[in-house]
Amino acid sequence: MTPIPDTTQKQATAQGSVIYYRDGKSVLARQGIDRRSVELAKVPKYVRDAVIAAENRSFYEDGGVSMKGTARAVWSTVSGQQLQGGSTITQQLVRNYYSGLSQERSVVRKFKEILIAMKVDQSRSKDWVLEQYLNTIYFGRGANGVQSAARAYFGKDVQKLTPSEGAYLAAVIQQPSRFADPKGSDLAAAQERWRSVISAMTQTGALTAEQAAAQKFPELTTPKKPFELKGQAQYMLEQVTAELNRRGYTDEDINSGGLKIVTTFDRKLMQAAERAVLDTLPDATPKKVRTGLAAVDPATGEVVAFYGGRPSQSKYYDSAFRSKVMAGSTFKPYTLAAALDNGFDLSTTVDGNSPMRVASAAQPIPNDSGRSYGRINLVTATQNSVNTAFVDLGQKVGLDKVAKTAEAAGIPAAQLQEHQSAAAFPLGVASISAVQNASGFSTFANKGVHMEAHVVKSVTDAEGHKETFKPASTKVVGEQAAADTAYAMQQVVKYGTGTAARLYDRPVAGKTGTTDDSRSVWFNGFTPQLAVAVDMFRDDNATVTIPGYGTQFGGRLPAQIWRAFMTEAMAGQPVEEFPEPSDYGYSSDYSTPDRDRDVPDREYTPPQNPDFTPEPDESEPAFTDPPMTEAPDDNGPGDGEPDETGPPPTLVPDQPSTRDTGPPGNGGDGQQQG
């Protein structure tokens, strides 16, 4: 009438998951219960013998229960005394392994335990029972199972334990909390318990008298400090968890499935991203200024590095993935690529005069300082970031085609739809994240093919089955259109608004972006091997101003941060050239500008509603269950910003105002005149 339960306790078999950097060796974090199950054959015989000697010397001879021990335990319970020991290894396993047996101290529960233990002994081998027991029992120091205990106490795998160390782990089972890090009287008690285990091993024949006499009390490693995620690890873990959830892995799978998760994050590049931001930004940077950086491998779509800000400032809410701000002129290349893929070429001329009147816009759209360029080709328009030229180009190619190109390049349609009917849509009035913008530009570095941005490379389950993730591949524009888009953006860095991002040893393509009143400022660029976006904004949507550096434009601090990161990221990498542009890429129309007279203008994006109130982005739920184990200790400090109680807003702008804009704002990316 008392069957063996057909289910096990989840906590008894749960194995935590290990999350690695992209090399598959460096541990980023451990998530969930600290347990690594091992086969009995991998546990040295003297370790098994030590546990048997300490807990149940008659294990291989008894029927799963000890009648004397059970009688003593039942009597102590009936008489009201504290329940004493006497449970066999089989009884301990039954109590901790199977569902339906509570931990209450009652005669009914004890008899049920006895009956199930007897049935288990009859239906299972002794080796099976011992293997489950060694993988189930708690050893202290947060370690469940003998393999995790070996790592926790001695910093080695169970196969490498000495007889002395195995005897200590057997001694710990009795009082795991007391013997986890014994000192003073607890240390004396632990040593006495250890000696009793060694003595018991001689009585069972596991050790000879000579072997026992040669054993010395083992040296324990220092216990690890309580788990704490540091630096960017919080943000990395949040993104890994969110992506695994999207791929069908539940939080329970992650916390107790014993998964080996290899991410796309490069440990050295993560550190380089943090250094680039913290070393470039002055100490006087206001606390409300946020900076995001994201780096994407164009060939694979892997997010190899990012900087999301100081985690203590806003827990699990970063400036690289979740914060979205107006793209400004970094959106213009999507318009350019759409045009080049739909019958236009770099020699196509557009109207660069200011202001421009468009039927769908209530007010004229100006260039910075009201400067007019006349009819200009698309290289000049891109190099000088001429607003009216791109508004004209957007009208000619069709805003629906511009939106389609941007969406295919990885920018979600939901972030575009609200704005794509506006004449100013090509000027970057839609809001995107640094990761989305880096991923979008990676399309131009990858011959017009967008590889889905992702942060997980592979997952291997506890049984060794490996799932490697293959990102979705989307043909956005043709190879030549991508090559010509990259060519135009190279001129931005060589001669235009992005000269501060030049790398001395290799070609760079890029685009600056500055919204009205410098509420968000960008530099987004790439080499053939890596696409990187940097943005700066304030969490109150005010102008980004740095004491001593003034109002910011995309060609200033964002471009300098970009250059600092790429200088380190590209060090030692082969120099790769961009594909050749079309013949008209070499036209005399694109002669090098006169640096003394032809200074590029700053940019202008239609202003937002002054009553705009930022709201947090809720497209992805925040990760609320922090992991339980270790994270790297070598992450640097934050970006000097204070702790705050709530997440910063995700800056999603309203539709550009149709009120009279007046003269253009002071936002822009060009160098100052003179």
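Atom set for the values below is all heavy atoms of this structure, side chains included, hydrogens, waters and symmetry mates excluded.
- Here Phe469 pairs with nothing under the ring pair (Phe, Tyr, Trp, His ring centres under 6.0 Å) rule; sequence neighbours left out.
- Within a 6.0 Å sphere centred on NZ of Lys404, other residues, nucleotides and ligands contribute 12 heavy atoms or fewer.
- At least one donor-acceptor pair closer than 3.5 Å links the side chain of Asn342 to the backbone N or O of Ala338.
- Inspection of the Ser385 and Lys511 side chains reveals an N or O donor paired with an N or O acceptor under 3.5 Å.
- In the displayed structure, Asp283 atom CG is contacted under 6.0 Å by at most 12 heavy atoms of other residues, nucleotides or ligands.
- Because its NZ or CZ atom is both nearer than 6.0 Å to the ring centre of Tyr373 and within 45° of the ring axis, Arg371 counts as a cation-pi partner of that residue.
- In this structure, the side chain of Glu302 does not engage the main chain of Thr264 through any donor-acceptor pair within 3.5 Å.
- Listed here is the closest heavy atom pair of Thr280 and Ala564: OG1-CB, 3.9 Å.
- Scanning for side chain to side chain donor-acceptor pair (under 3.5 Å) contacts around Asn446 gives an empty result, with sequence neighbours left out.
- Salt-bridge annotation for Asp392 and Lys396: present, with a side-chain N of the basic residue lying under 4.0 Å from a carboxylate O of the acidic one.
- Across all their heavy atoms, Val296 and Ala438 have their closest contact at CG2-CB, 3.9 Å.
- One finds no salt bridge joining Lys288 and Asp540 here, because no Lys/Arg side-chain nitrogen approaches an Asp/Glu carboxylate oxygen to under 4.0 Å.
- Only one option out of Phe425, Phe441, Phe390 pairs with Tyr334 in a ring pair (Phe, Tyr, Trp, His ring centres under 6.0 Å); it is Phe441.
- Using a 3.5 Å distance cut-off with no hydrogens or angles, the side chains of His450 and Ser442 do not pair a donor with an acceptor.
- The closest side-chain donor-acceptor pair between Asn377 and Ser347, if any, does not fall under 3.5 angstrom.
- Under the 6.0 Å cut-off for aromatic ring centres, Phe321 and Tyr235 do not qualify, their centroids lying 6.0 Å or more apart.
- Between Arg506 and Glu577, none of the side-chain N atoms (NZ, or NE/NH1/NH2) sits under 4.0 Å from a carboxylate O, so this pair counts as no salt bridge.
- Residues Asp318 and Glu238 come closest through the heavy atom pair OD1-OE1, 4.0 Å.
- Of the N and O atoms on the side chains of Asp517 and Thr543, not one donor lies less than 3.5 Å from an acceptor on the other residue.
- Between Ala423 and Ala361, the shortest heavy-atom contact is CB-CB, 4.1 Å.
- Gln415 is listed as a side-chain neighbour of Ile411, based on a closest heavy-atom distance under 4.5 Å.
- Not one N or O on the side chain of Ser319 forms a donor-acceptor pair closer than 3.5 Å with the backbone of Arg290.
- Side-chain atoms of Glu274 never come within 3.5 Å of backbone atoms of Tyr307 as a donor-acceptor pair (strictly under, hydrogens ignored).
- For Phe578 and Phe526, the ring centers are positioned less than 6.0 Å apart.
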